[in-house]
Every structure is written in structure tokens, then in C-alpha cells.
Number of protein chains: 2
Amino acid sequence: MADLAQLAGVSKITVSRALGDSPLVNPETRERIQVLAREHGYKLNISARNLRLRRSHTVAVIVEMKPSTDRTMFDPYPLVLLGGISQELTAAGYSVLLTTRQGASAAAVQAADGLILLGQGAHQDAVRRFDKLCLPMVVWGAQSASDAHVVVGSDNRLGGAVVARHFIALGRHRPVFIGNPSHPEIFERLDGFIDALAVRGIKPLLMRRDEFTVDSGMDAVRSLHARKVGFDAIFACNDLLAMGAIRATLDLGRSVPADVSVVGYDDMPLGASFLPPLSSVRQDWQEGGMLLARKVLALIEGEPASSECLPVSLIVRST
Amino acid sequence: MADLAQLAGVSKITVSRALGDSPLVNPETRERIQVLAREHGYKLNISARNLRLRRSHTVAVIVEMKPSTDRTMFDPYPLVLLGGISQELTAAGYSVLLTTRQGASAAAVQAADGLILLGQGAHQDAVRRFDKLCLPMVVWGAQSASDAHVVVGSDNRLGGAVVARHFIALGRHRPVFIGNPSHPEIFERLDGFIDALAVRGIKPLLMRRDEFTVDSGMDAVRSLHARKVGFDAIFACNDLLAMGAIRATLDLGRSVPADVSVVGYDDMPLGASFLPPLSSVRQDWQEGGMLLARKVLALIEGEPASSECLPVSLIVRST
DNA sequence: CGGTATCAAGATACCGATAACATTTTAGTG
DNA sequence: CACTAAAATGTTATCGGTATCTTGATACCG
């Protein structure tokens with residue numbers, strides 16, 4: 001920058017101002033300097049600026065992404081959220097520093113202006129860990145009375161309730177829930193499901209399954225059958241589970257949706273092309289990501305931000 | 001750091017050394033300072049260090065991730081690559097700066113020590129654009145004589161050839177290729193496919209389809225049928241297309257694999273649970289990501305790095 | 001013409017770390 | 001005990017920008 005200043009016959013600070021479009025420089029001078037900078041391929045040193053401004057214009061996004069061939073990596077889930085986040089942050093001139101739980105101790109995270117945590121972790125442990133960094137932080141997941149963070153998430157209770165009402169409307173009365181309620185989000189779905197069914201005095205059966213895969217879904221239904229448990233509706237907390245459940249149900253010679261209604265969750269694109277086309281609860285991840293981003297940005301600017309709960313919608317197809 | 005120095009009764013530089021585990025300080029002093037730092041919750045200012053060292057220990061990863069509900073965002077593809085990249089970089093003390101094509105002009109990218117570009121872009125345009133940043137760069141995609149970059153990718157020609165040989169072994173002689181060969185990687189698959197079939201004097205039919213979806217695959221097969229084109233084998237350049245093709249084929253009353261053999265590409269986890277279980281070409285993305293990371297790191301260290309072509313394997317299931 | 005806004009540009013200090021060189025302390029040696 | 005090598009610590013300068021405060025020039029006023 002000093003060189004550029006000499007070239008332009010002005011001082012460093014004037015160059016700085018010119019490049020920053022400051023109104024403190026003569027428009028002509030500014031133009032001249034900007035042209036000169038472009039010609040010489042001058043690039044501002046971001047690290048220096050970050051140091052001086054005590055701002056990195058960077059937000060760290062912490063994903064629970066195990067390096068192994070793990071389910072979460074294959075899910076649309078984090079990527080679509082990331083898409084929304086990225087879009088908003090980029091628009092605001094911020095960058096996304098992507099980190100896994102393990103890597104979050106790496107240096108660069110500390111330099112971030114804010115934190116977005118995707119997934120609270122099994123027992124809020126993730127949340128507590130990153131709290132220590134003392135950075136503006138927002139979390140994607142389920143609201144919880146116990147923590148005072150800004151949380152953005154879908155209305156999982158509503159999701160469960162909507163499915164329950166759907167089953168009630170269809171006259172089903174022996175519903176099954178497949179999933180792992182130790183994830184806060186899943187728990188909420190189950191809870192909403194139970195509450196809404198209780199209105200009609202119906203109690204669903206919980207098939208706890210830790211894996212969110214097709215195989216796991218098939219296994220759940222087979223195990224129901226083996227135990228000779230009757231059921232006429234299945235709410236799977238994920239589309240893959242739902243697909244597996246449908247497959248196993250059909251294998252057992254029962255019809256979907258005539259004998260058994262099935263609803264999944266997430267409305268993955270593949271669901272619409274499944275045979276039969278899958279009914280599912282859709283949450284707007286794109287919007288969620290954007291909201292997360294806007295909230296951190298607000299916090300970074302020192303403005304207040306509140307938790308938010310996004311609506312979900314039931315997409316009824318053929319199951 | 002100055003405060004900490006005063007607290008410890010030493011100079012700033014000694015603190016710096018102690019925290020950096022430099023052998024230049026007395027082990028006792030080092031220990032004392034580190035304890036003090038921890039107690040007082042002292043955090044190194046990364047921006048200052050970056051400035052001084054002219055190193056950010058950050059690698060920018062540029063993904064072609066459109067903000068819209070686009071296919072790439074739902075694919076396992078970028079995330080698994082990212083997983084591998086992230087794992088290696090983290091292990092080496094580096095961080096991942098995730099950027100989209102659009103956002104890559106954002107400040108922070110310039111501060112990165114290196115660049116990983118996922119996808120060359122339709123006509124190498126992405127490559128050329130980021131070349132200007134003059135950073136160590138490696139690209140995921142297809143080798144090409146025309147560019148002098150370090151490229152890591154799967155052996156797409158081999159992928160095509162393997163499928164061709166599989167079809168030949170099955171005695172098929174009217175194969176169809178579904179996909180969009182204007183992507184360099186897809187082109188290679190097609191090319192390898194054609195070459196290997198040519199040995200037996202077989203010429204495949206190309207069904208060009210731009211979308212990589214189930215619907216698109218169904219559409220391709222229906223269109224073949226409408227045009228009364230005979231075929232007994234389908235090589236889809238993506239598993240979703242393959243699933244669609246199978247579905248449409250079955251709909252038309254033909255059997256898979258008795259009448260028509262189908263092979264997909266990518267071996268997505270869902271493929272194994274598809275009905276019938278999908279045969280597919282598997283590429284090792286995890287490994288690819290790790291390789292990409294290692295190569296940028298090498299370039300950053302000033303060491304040479306060469307392009308690399310990863311093997312692929314045909315997973316034969318029931319189609 | 002002195003006095004005061006207004007605008008443009010410069011001087012200086014500083015952000016918080018580390019490299020290079022300088023200095024002091026300690027230990028070892030004949 | 002003088003002398004030297006090695007170890008431990010300190011001094012200074014610097015990375016490359018920007019905020020703050022000043023200064024100089026120009027314009028406008030009665």
C-alpha cells in the first residue's frame with residue numbers, strides 16, 4: 001500500500017480511504033487510485049485489516065460431521081442449511097468458516113466474529129463447549145427452557161401434531177413412531193405426536209431406532225411383525241426410515257396406504273419419486289439457514305436477536 | 001499478551017515463546033506462563049499472528065453450490081469430499097473456509113493459504129477465474145491436457161470401461177448411456193464406455209439428459225420406448241438416473257436384470273436398499289478429499305504435487 | 001480583510017503478535 | 001579466576017492496514 005501511495009503521489013492513508021470508498025477523499029483522487037490499484041493487481045492484506053479492525057468478517061459454522069462414512073454426511077440436511085447460511089453471510093460480506101466438532105479448536109475459529117452451531121449435541125454438550133469462546137452464537141435445533149441461547153429450528157412439536165391429526169382424520173388408531181427420541185428435535189416430534197393423539201385417547205407405540213437408514217426402517221417393521229403387534233399407521237422421523245418401513249410393510253403383504261398409512265420427515269427430493277410417492281413433513285431449511293445467518297449478524301452488530309420457530313407443512317402424497 | 005507478560009514478570013516475547021512451546025524458554029518458565037494463561041482465559045489473537053506470519057492456516061474450498069433448491073446441494077458428493085478435506089486439513093492444523101462461486105470474491109478468501117476447487121465448471125471457467133488469485137490451488141474433476149493445474153479425480157474413463165466390459169460379459173449388445181457429457185467428468189465416463197465397447201464393435205446410444213434426477217431417468221427410458229428403440233443395457237452416469245431408468249423399464253413390463261441390465265454411478269447408500277438393489281460404480285470420495293487436502297498442503301509448503309487419478313470399482317448387485 | 005466553515009490530505013500511533021538481533025546469566029574449562 | 005560456550009531472556013523493528021488528530025487549502029460571510 002505504501003508503494004501504491006508513492007505511485008499515486010499521496011500518502012498511505014489516502015490510498016486506504018480511496019480503496020474503502022471513503023467520502024473523505026476527492027472523487028477524482030479516489031478514481032485515480034482505484035484504477036492504479038487495479039492495474040497493478042493490488043490486493044488488500046486482509047489479515048492486517050482484521051487485526052486493525054478487530055473484525056474478521058467471518059462466521060464459523062460447526063457441523064457434526066464425522067469423518068467416517070456417516071449418515072449425516074449423506075443427508076441433505078446440513079448442506080441445505082449451509083446453503084442458506086452461506087447465501088446470507090456472503091450477501092453481507094461475511095465468509096463461512098466450516099468446522100467439525102473436532103476441528104473447532106483450530107486457531108481460525110477463534111478469529112471468527114460469530115458462531116453457528118448446527119445440532120445441539122446429544123445433551124447440549126456441544127452448546128456448552130462452544131459457549132466458552134464467548135462469541136455471538138446461534139444454534140440450530142430444538143428450543144429448550146434450560147438454555148439461554150438463540151435457537152432457530154423447525155416447529156418439531158407441530159410436525160408431530162400435524163401427522164397425528166392426519167392419522168386421526170384417516171381413522172387410524174394404532175400408530176407407531178420410529179426414531180431416536182434422545183435427539184432433542186426428534187423428541188419434540190414424538191412429544192407433539194403423542195399429545196395430539198391423546199386428544200382421541202390414542203397412545204402410539206415407540207419403536208426406538210438409532211440409525212436413520214432404510215435398513216433400520218425395515219428392521220423396525222419386521223420386528224413389529226415378529227412381535228405380532230398390530231399397527232395401521234407409521235410416523236417415521238426421517239424419510240429413509242419411512243421408505244424402509246414401507247418396503248417391509250409391503251413385503252409382509254400389507255398394502256400402503258390401504259392397510260397402513262406412512263408419513264416420513266424431511267421431504268427429501270427422492271421421496272416424491274419413491275414408489276409409492278412418500279408423504280412427508282417438510283421443513284424449510286433454506287429459510288432456516290438464512291435466519292440463522294441473520295441472527296448471528298444481528299448479534300455481531302450488537303443488536304438483540306430472539307429464538308425462532310419455523311413452521312412445517314405436511315406434504316400428503318400416496319402413503 | 002503484554003498484561004500476561006507483566007503478570008508473569010517476563011517480557012512479551014517470552015510469553016509468545018512459552019505459548020508456542022518454543023525450546024528457547026526454560027521449561028519451568030514455560031509451564032508457569034501456560035498455567036497463568038489458562039487461568040486468565042487468555043486467547044491468542046489469531047489475526048495478529050496471521051499478519052506477522054503471513055499465513056492464515058486456512059484453505060478456501062470453493063463449491064458450486066447454488067442457493068436455490070439445486071441438485072448438487074442434495075448430493076452426497078460435495079459433503080463426502082468435504083469430509084475428507086476437512087479431516088486432513090484439521091489434522092494439519094488448518095481450517096476450511098467454505099465458499100460458493102459467487103462468494104469467492106469475499107475478502108477472507110484472499111487471506112487463505114490455498115484453494116481447493118470442487119468442480120471445474122462447464123468450460124474450465126471456474127478454474128481460470130480463481131487462477132488469478134495466485135494461490136496454491138488443486139482441483140477436483142477430470143484431467144485435461146489443456147490445463148496445468150493439479151487435478152485430483154476418479155478414473156472416469158475406467159469407470160465407463162468397467163461397465164462396458166460388464167455388459168459385454170453379460171452378452172448385451174444394445175447399450176444406452178444416460179447423462180450429460182458436457183461435464184468433463186461425465187464425458188470421460190462416456191468416452192471410456194464407448195472405447196471399451198468398440199472392441200466388440202458395439203456402439204452405445206447416447207440419451208442426453210441434463211438433470212440428474214429420478215424423473216429425468218424415467219423420462220429417458222420412456223422416450224426410448226416411444227421412439228421404439230431397442231436396448232438391453234443402461235449405463236446411467238448417476239444413481240438417481242439409474243433408479244429412474246429401472247422404474248420406467250419395469251413400468252413398461254420389462255424385467256431388470258433379465259431383459260435389461262442397469263448400472264449407475266456413485267454407489268449412493270440408498271442404492272443398496274433400492275428394489276432391486278442397484279449395481280453401481282463406486283468412487284472413493286473420502287480418499288479423494290483427503291488427497292486434495294494433502295496436495296494443497298504440499299503446494300503451500302512449496303513442495304511439488306502431481307495430479308492423481310483414483311481407481312473406481314464396479315459394485316455388482318442385482319441390476 | 002479577518003474570521004470561520006468545509007474539504008482534502010498528511011502525520012502519528014496503534015492493532016497484537018513474532019523474527020532477528022542483542023544482552024544477560026549460567027555453566028564449564030584449563 | 002579469566003574466558004568461552006550455551007541457555008535464557010530482553011529490545012527493537014515489523015507485518016499492513018486504519019482511527020484519530022492535525023494541518024493546509026479553499027470558499028464564503030459580513
Side-chain angles (χ1 to χ4, degrees), chain A residues 1-34 36-38 40-58 93 95 106-113 133-135 300, chain B residues 1-34 36-38 40-58 93 95 106-113 133-135 300:
Chain A
M1 185 176 260
D3 299 354
L4 199 62
Q6 194 156 17
L7 246 113
V10 296
S11 66
K12 272 191 354 178
I13 186 67
T14 303
V15 173
S16 172
R17 284 174 183 145
L19 297 179
D21 280 328
S22 157
L24 286 163
V25 286
N26 187 310
E28 290 169 29
T29 315
R30 181 195 312 168
E31 186 60 31
R32 188 163 50 91
I33 294 176
Q34 290 187 350
L36 222 51
R38 227 170 300 141
H40 292 256
Y42 171 78
K43 292 266 173 12
L44 208 82
N45 182 317
I46 302 301
S47 298
R49 178 217 225 115
N50 288 350
L51 172 59
R52 180 69 236 228
L53 298 182
R54 293 136 160 265
R55 273 280 193 103
S56 63
H57 286 274
T58 288
S95 302
V109 176
Q110 297 174 25
D113 295 335
L133 290 179
C134 295
L135 287 173
I300 290 173
Chain B
M1 185 178 261
D3 300 354
L4 199 61
Q6 194 154 20
L7 247 112
V10 295
S11 66
K12 272 190 356 177
I13 188 67
T14 302
V15 174
S16 173
R17 285 175 182 143
L19 297 179
D21 278 329
S22 157
L24 286 161
V25 286
N26 187 310
E28 289 168 28
T29 314
R30 181 196 312 167
E31 188 58 32
R32 186 164 51 91
I33 295 176
Q34 289 187 350
L36 222 52
R38 226 170 302 141
H40 291 255
Y42 170 77
K43 291 266 173 15
L44 207 82
N45 183 318
I46 302 302
S47 298
R49 173 211 231 124
N50 287 350
L51 171 59
R52 180 69 240 231
L53 299 183
R54 292 136 159 267
R55 273 282 193 99
S56 62
H57 287 272
T58 288
S95 302
V109 176
Q110 296 173 26
D113 295 335
L133 290 179
C134 295
L135 288 173
I300 290 173

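Chain A is the first sequence line, chain B the second, and so forth, proteins listed ahead of strands; every chain is numbered from 1. Fair warning: this is a prediction, and the values are worked out from it, not measured in the lab.
The pairing partner recorded for D:dG30 is C:dC1, the criterion being a Watson-Crick or G-U wobble arrangement whose two distances lie under 3.5 angstrom.
Put simply, CZ on A:Arg55 is 18 Å from C1' on C:dG16, counting in whole angstrom units. Regarding B:Arg54, its CZ atom lies at a distance of 6 Å from the C1' atom of D:dC15, rounded to whole Å. Atom-to-atom, CG of A:Leu4 to P of D:dT18 comes out at 12 Å; the value is rounded to the nearest Å. Taking atom CG on A:Asn50 and atom C1' on C:dA17, their separation rounds to 14 Å, with Å as the unit. Atom CE of A:Met1 and atom C1' of D:dT18 are 8 Å apart (whole Å). Taking atom CD on A:Gln6 and atom P on C:dG10, their separation rounds to 12 Å, with Å as the unit. We find that CG of B:Leu44 is positioned 16 Å from P of C:dC15, with the value rounded to whole Å. The distance from atom CG of A:Asn45 to atom C1' of D:dG16 is 5 Å, rounded to the nearest whole Å.
Phosphate contact (OP1/OP2 of D:dG16, side-chain N/O of A:Tyr42, threshold under 4.0 Å): absent.
By the side-chain hydrogen bond (donor to acceptor under 3.5 Å, both in side chains) test, A:Ser95 is found to be paired with no residue, residues two or more places apart in sequence or in another chain being considered. For A:Arg55, the side-chain hydrogen bond (donor to acceptor under 3.5 Å, both in side chains) criterion is met by A:Tyr94, not counting sequence neighbours. By the side-chain hydrogen bond (donor to acceptor under 3.5 Å, both in side chains) test, B:Thr14 pairs with B:Ser11, sequence neighbours left out. A:Asn45 meets the side-chain hydrogen bond (donor to acceptor under 3.5 Å, both in side chains) test with no other residue; sequence neighbours excluded. Applying the side chain to side chain contact (heavy atoms under 4.5 Å, CB included) rule to A:Asp3 yields no partners; only residues at least two apart in sequence or on another chain are considered.
Looking at heavy-atom distances under 4.0 Å, A:Leu53 makes contact with sugar-phosphate atoms alone, never a base. Among the heavy atoms of the strands, none lies under 4.0 Å from A:Ile46. Across all strands shown, B:Arg52 has heavy atoms under 4.0 Å from base atoms, whether or not it also approaches the sugar-phosphate.
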A:Asn50 vs B:Asn50, test: side-chain contact (heavy atoms from CB on, under 4.5 Å). Steps then yes/no. CA-CA 9 Å; A:Asn50 288 350; B:Asn50 287 350; over 6 Å; no
For a side-chain contact (heavy atoms from CB on, under 4.5 Å) check, start with the C-alpha distance between B:Arg32 and B:Leu36, then their side-chain angles and the critical distance, and finish with the verdict. CA-CA 6 Å; B:Arg32 186 164 51 91; B:Leu36 222 52; 5.5 Å; no
Protein-nucleic acid N or O pairs under 3.5 Å, nucleotides 7-11 of chain D:
unit_1 : atom_1 : unit_2  : atom_2 : d
D:dT9  : OP1    : B:Thr29 : OG1    : 3.1
D:dT9  : OP2    : B:Asn26 : N      : 3.1
D:dT9  : OP2    : B:Thr29 : OG1    : 3.4
D:dG10 : OP2    : B:Ser11 : N      : 2.8
D:dG10 : OP2    : B:Ser11 : OG     : 2.9
D:dG10 : OP2    : B:Thr14 : OG1    : 2.9
D:dG10 : O6     : B:Arg17 : NH2    : 2.9

